[in-house]
Amino acid sequence: MVVKIKDLKIEYCIGGESFAVLDIPSWEVNEHEQVAISGPSGSGKSTLLNVIAGLLPSKKGSVQICGRELAGTGEAERDHFRAENVAYIFQTFNLLQGYTALENVLLGATFSSQKTDRGQAKKLLERVGLKSRLRHYPSEMSIGEQQRVAIARALVKKPGLILADEPTGSLDPHHAGEVIRLLREACSENGCALVTVSHEASIVASFDIRVDFLKLNRACDMAGGGQ
Ligand code: ADP
Ligand code: MG
């Protein structure tokens, strides 16, 4: 099991008042599975990915990722866990501005125990259509190109699990389809599981396993359907 969640509850406290963002009784993702999550804005999808990546601590319930219990662990332990096991394609990319496309991809594996492979990084950038952008800095690339660099950076790490938050949000339909195909192909080749969040119906429909977040997350009822 790559993801095994039980009785996960996350609350945010605003102005002294706490409100539930996540209440997930049970959810599992098996090895090699590719899952698309869809749901309205504000329903807690990014929060769930943050918990799975170990960026956000969960105090209640159990969150087992790649066989490891994250609930109750400290930040340093979760950082190490993430470096080895999870690649996260953020909605806002989080590219390092002072580094070129190629360097950003190489940096994707920096903190894992894997050897960084320059040839592989170049090949991945080529596969996402950025062969001629290796030496470009993020500020010299379009948003769509930056998003493809972020995807190549996730793939270079060969993790057990890739999390992708709206990975095609800034791409035109042609590139969106290509990027999802590439992501899914690379996950199959490397035997890693993929959990992607998307609001694009055609992207979600291309996945065999689809999760309606409003049904998965009980806190959405209390929040008025995540509006
Ligand atoms: P989604 O990704 O589905 O759009 P998010 O997970 O980003 O939703 O956010 C879920 C809810 O939690 C939203 O109502 C948002 O305003 C709130 N939220 C997100 N991050 C924080 C935070 N750090 N502090 C307080 N509330 C937050
Ligand atoms: Mg989000």
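Computed from heavy atoms alone, side chains included, the values below leave out hydrogens, waters and symmetry copies. Numbering of ligands and ligand atoms starts at 1, following listing order.
- Less than 4.0 angstrom separates some heavy atom of Val21 from each of these atoms of ligand 1: 10 (C), 11 (C), 12 (O).
- Closer than 2.8 Å to the Mg ion (ligand 2) sit the protein N, O or S atoms Ser46 OG.
- For atom 12 (O) of ligand 1, the closest non-hydrogen atom of the protein is Tyr12 CE1, 3.6 Å.
- Partners of Asp7 under the salt bridge (Lys or Arg N to Asp or Glu O under 4.0 Å) rule, at least two apart in sequence or in another chain, do not exist in this structure.
- Across Leu70 and Ile52, no two heavy atoms sit closer than the pair CD1-O, 3.6 Å.
- For the pair Arg127 and Glu178, the salt-bridge criterion is not met [side-chain N within less than 4.0 Å of a carboxylate O].
- A donor-acceptor distance shorter than 3.5 angstrom exists from the side chain of His32 to the backbone of Gly191, with no hydrogens or angles considered.
- Atom CZ of Arg118 has 12 or fewer heavy atoms from other residues, nucleotides or ligands within 6.0 Å.
- Counting heavy atoms from C-beta on, the side chains of Asn85 and Pro159 never come closer than 4.5 Å.
- The protein atom (non-hydrogen) at minimum distance from atom 6 (O) of ligand 1 is Thr47 OG1, 2.5 Å.
- Cluster partners of Leu96, using a side-chain heavy-atom cutoff of under 4.5 Å among ILVMFWY residues and allowing indirect links, are Tyr99, Leu107.
- Qualifying ring pair (Phe, Tyr, Trp, His ring centres under 6.0 Å) partners for Tyr88, counting only residues two or more places apart in sequence or in other chains: Phe90.
- For ligand 1, the atoms sitting less than 4.0 Å from at least one non-hydrogen atom of Pro40 are 3 (O), numbered in the order shown with element in parentheses.
- Residue contacts with ligand 1: Gly44 is included, with a non-hydrogen atom under 4.0 Å away.
- Within a 4.0 Å radius of atom 15 (C) of ligand 1, the protein contributes no non-hydrogen atoms.
- Assignment of Cys13 to the shell around ligand 1 is not supported, since no heavy atom sits closer than 4.0 Å.
- A side chain to side chain contact (heavy atoms under 4.5 Å, CB included) with Ile151 holds for exactly one of Thr168, Ile162, Leu124, Ile89; it is Ile89.
- A side chain to side chain contact (heavy atoms under 4.5 Å, CB included) with Val149 is found for one member of Thr100, Val128, Leu102, Leu95 and no other, namely Leu95.
- From the protein, the heavy atom lying nearest to atom 7 (O) of ligand 1 is Ser46 CB, 3.8 Å.
- Ligand 1 places these atoms under 4.0 Å from at least one heavy atom of Ile14: 25 (C).
- Among protein heavy atoms, atom 11 (C) of ligand 1 sits closest to Gly42 O, 3.6 Å.
- Expressed to the nearest 0.5 Å, how far CD1 of Ile24 lies from CD1 of Ile5 amounts to 5.5 Å.
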